[in-house]
Amino acid sequence: MEPPKEIMEGPTTDEYLAQVVSETIEKFLQPEMSEYEKVKAAFDYVIETGYYTLPIAPDIWRIRSAGDRLPGYIENRGLGILLFGTGACEDYASAMVLLEGMGIEARYVPGFTYSRRGSLVHHAWNQVKIDGVWYNFDCELEDGISQGTVRYRYFLKSDATMSASHFWGQRLIDTGRLQEDQNAEIAEFYLMETCPQDYPTPAPKEIPVTLRPDEAAIYAGLREELQEYETRYGKLEPIELNLTPVVFGRYHPRLQELTREKLLIK
């Protein structure tokens, strides 16, 4: 853990992260929304603003807060989607835990799904609790197939429906494809909730296809921000962040390396 920067003006790390979530929610939350309406608004928002790529600057909190604690995996991986609209499936799933900022329980789910070539690939999505009932939903996969029209194929589905395209929990263990330590991690932390029913599927919605963000321009602005910070408070040294996807990440060192290349502070 980094020592507190007592001379820095501004929020603590927790305050900054809460501010990012709050400012994101304010963009789509309306008064008197039901739990279902909140979840759908968040789902639509992330599809509308998200673009599938590696996250941008998941360490941005270091220069926008006191840096008094190291954020966890969900916080680090969700920032790219919330701030810059960029990330892979793990980042979409992490960002959707923002639902908890609206008083709604949400879970991060690691597992397998099918690629366009028909092979199983590691993936991440969510479960959410609405009016006392748990449901599965996959914002990133929905975004990937929408092509401008969201048909909610992966929105608020039962275990029975979701299992046609996803493997998680005990069913993931039963595939026999994982290492012993992966099975143990799933058994301890990721057996997940039971989702007994489908929610009625919403009508299709037109959502414009998200254009790829200009990463060079974003990083140019962030480097200026970093320079201003270090001029005022001193140089920041690299630190080890929790960016490795649960269950699967340690078996993909090249992906970990590429993710760390997106850090602002190197």
Side-chain angles (χ1 to χ4, degrees), residues 10 13 16-17 19-21 23-28 42-65 67 70-98 108 115-116 121-125 138-148 150 207-231 235-245 248-249 252-266:
T13 301
Y16 172 69
L17 295 170
Q19 175 185 324
V20 172
V21 171
E23 290 177 350
T24 301
I25 290 172
E26 287 176 0
K27 295 175 183 177
F28 57 80
F43 189 85
D44 290 346
Y45 174 81
V46 172
I47 289 177
E48 183 173 354
T49 59
Y51 184 90
Y52 187 93
T53 184
L54 289 172
I56 289 177
D59 57 342
I60 186 60
W61 56 269
R62 295 189 66 193
I63 63 174
R64 294 182 177 178
S65 75
L70 289 176
Y73 172 78
I74 295 292
E75 296 162 320
N76 281 321
R77 294 301 300 252
L79 278 178
I81 289 288
L82 299 186
L83 291 173
F84 310 113
T86 61
C89 59
E90 297 89 357
D91 308 287
Y92 276 75
S94 296
M96 291 306 293
V97 179
L98 68 87
Y108 177 103
S115 71
R116 293 184 178 181
V121 294
H122 73 268
H123 189 48
W125 60 97
D138 189 337
C139 188
E140 186 278 317
L141 194 56
E142 189 80 49
D143 192 16
I145 66 171
S146 64
Q147 299 298 311
V150 180
I207 294 182
V209 176
T210 305
L211 299 178
R212 185 184 184 95
D214 187 341
E215 293 189 25
I218 292 173
Y219 274 107
L222 293 179
R223 282 191 289 270
E224 290 182 7
E225 188 176 341
L226 174 61
Q227 184 176 6
E228 291 175 3
Y229 177 96
E230 293 187 329
T231 297
K235 182 174 177 59
L236 285 170
E237 297 299 329
I239 59 174
E240 186 67 22
L241 301 182
N242 185 359
L243 300 172
T244 303
F248 301 104
H252 298 274
R254 179 53 181 159
L255 179 59
Q256 295 179 50
E257 180 182 343
L258 290 171
T259 301
R260 283 171 171 77
E261 287 177 3
K262 294 295 184 177
L263 295 176
L264 179 63
I265 300 160
K266 299 180 174 68

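When reading the values below, keep in mind they use all heavy atoms of this one structure, side chains included, and skip hydrogens, waters and symmetry mates. Note that this is a predicted model, so its numbers are computed, not measured.
- The shortest distance between side-chain heavy atoms of L83 and W61 does not fall below 4.5 Å.
- Sequence neighbours left out, the pairs with a member in residues 70-88 that pass salt bridge (charged side-chain N to carboxylate O under 4.0 Å, His left out) are R69-E75, R77-E90, R77-D91.
- No salt bridge links R223 with E230; every basic N to acidic carboxylate O contact stays at or beyond 4.0 Å.
- Ring pair H122/F248 is parallel by interplanar angle, where below 30° counts as parallel and above 60° as perpendicular.
- In this structure, the side chains of L70 and T13 stay at 4.5 Å or more apart for every pair of heavy atoms.
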Practice task
Go through L141 and C89 one step at a time and tell me if the side-chain contact (heavy atoms from CB on, under 4.5 Å) criterion holds.
Solution key: CA-CA 8 Å; L141 194 56; C89 59; over 6 Å; no
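- V20 places none of its side-chain heavy atoms less than 4.5 Å from the side chain of R64.
- Under the side-chain contact (heavy atoms from CB on, under 4.5 Å) criterion, E26 pairs with S22, sequence neighbours left out.
- The two residues P245 and Y73 make their nearest non-hydrogen contact at CA-OH, 3.3 Å.
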Problem - Check against side-chain contact (heavy atoms from CB on, under 4.5 Å), T244 and R260 - result: CA-CA 10 Å; T244 303; R260 283 171 171 77; 3.6 Å; yes
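- R254 has a carboxylate O that lies under 4.0 Å from a charged side-chain N of E261, or vice versa, which qualifies the two as a salt bridge.
- At a threshold of 4.5 Å between non-hydrogen side-chain atoms, the residues E140 and H123 count as touching.
- The side-chain contact (heavy atoms from CB on, under 4.5 Å) check on E48 picks up I207, with sequence neighbours excluded.
- Taken from CG in D143 to OH in Y92, the straight-line distance is 4.0 Å, to the nearest 0.5 Å.
- The two residues W125 and D138 make their nearest non-hydrogen contact at CB-CG, 3.6 Å.
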Exercise for the section: In sequence, state the C-alpha distance, the side-chain angles, and the governing distance for L243 and Q256, and then conclude on side-chain contact (heavy atoms from CB on, under 4.5 Å). Expected result: CA-CA 8 Å; L243 300 172; Q256 295 179 50; over 6 Å; no
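- Residues passing the salt bridge (charged side-chain N to carboxylate O under 4.0 Å, His left out) test with E224: none are found, sequence neighbours excluded.
- Smallest separation of non-hydrogen atoms from D59 and I265: OD2-N, 2.9 Å.
- Within the 4.5 Å cutoff, no side-chain heavy atoms of I81 are placed close to those of P55.
- To the nearest 0.5 angstrom, L82 atom CG is 8.5 Å from K27 atom NZ.
- Annotation: side chain of N76 is in contact with side chain of P71 (closest heavy-atom distance under 4.5 Å).
- In this structure, the salt bridge (charged side-chain N to carboxylate O under 4.0 Å, His left out) partners of R212, at least two apart in sequence or on a different chain, are E215.
- I218 pairs by the side-chain contact (heavy atoms from CB on, under 4.5 Å) definition with I56, F84, P213, L222, not counting sequence neighbours.
- Surrounding CD of Q227 are at most 12 heavy atoms belonging to other residues, nucleotides or ligands under 6.0 Å away.
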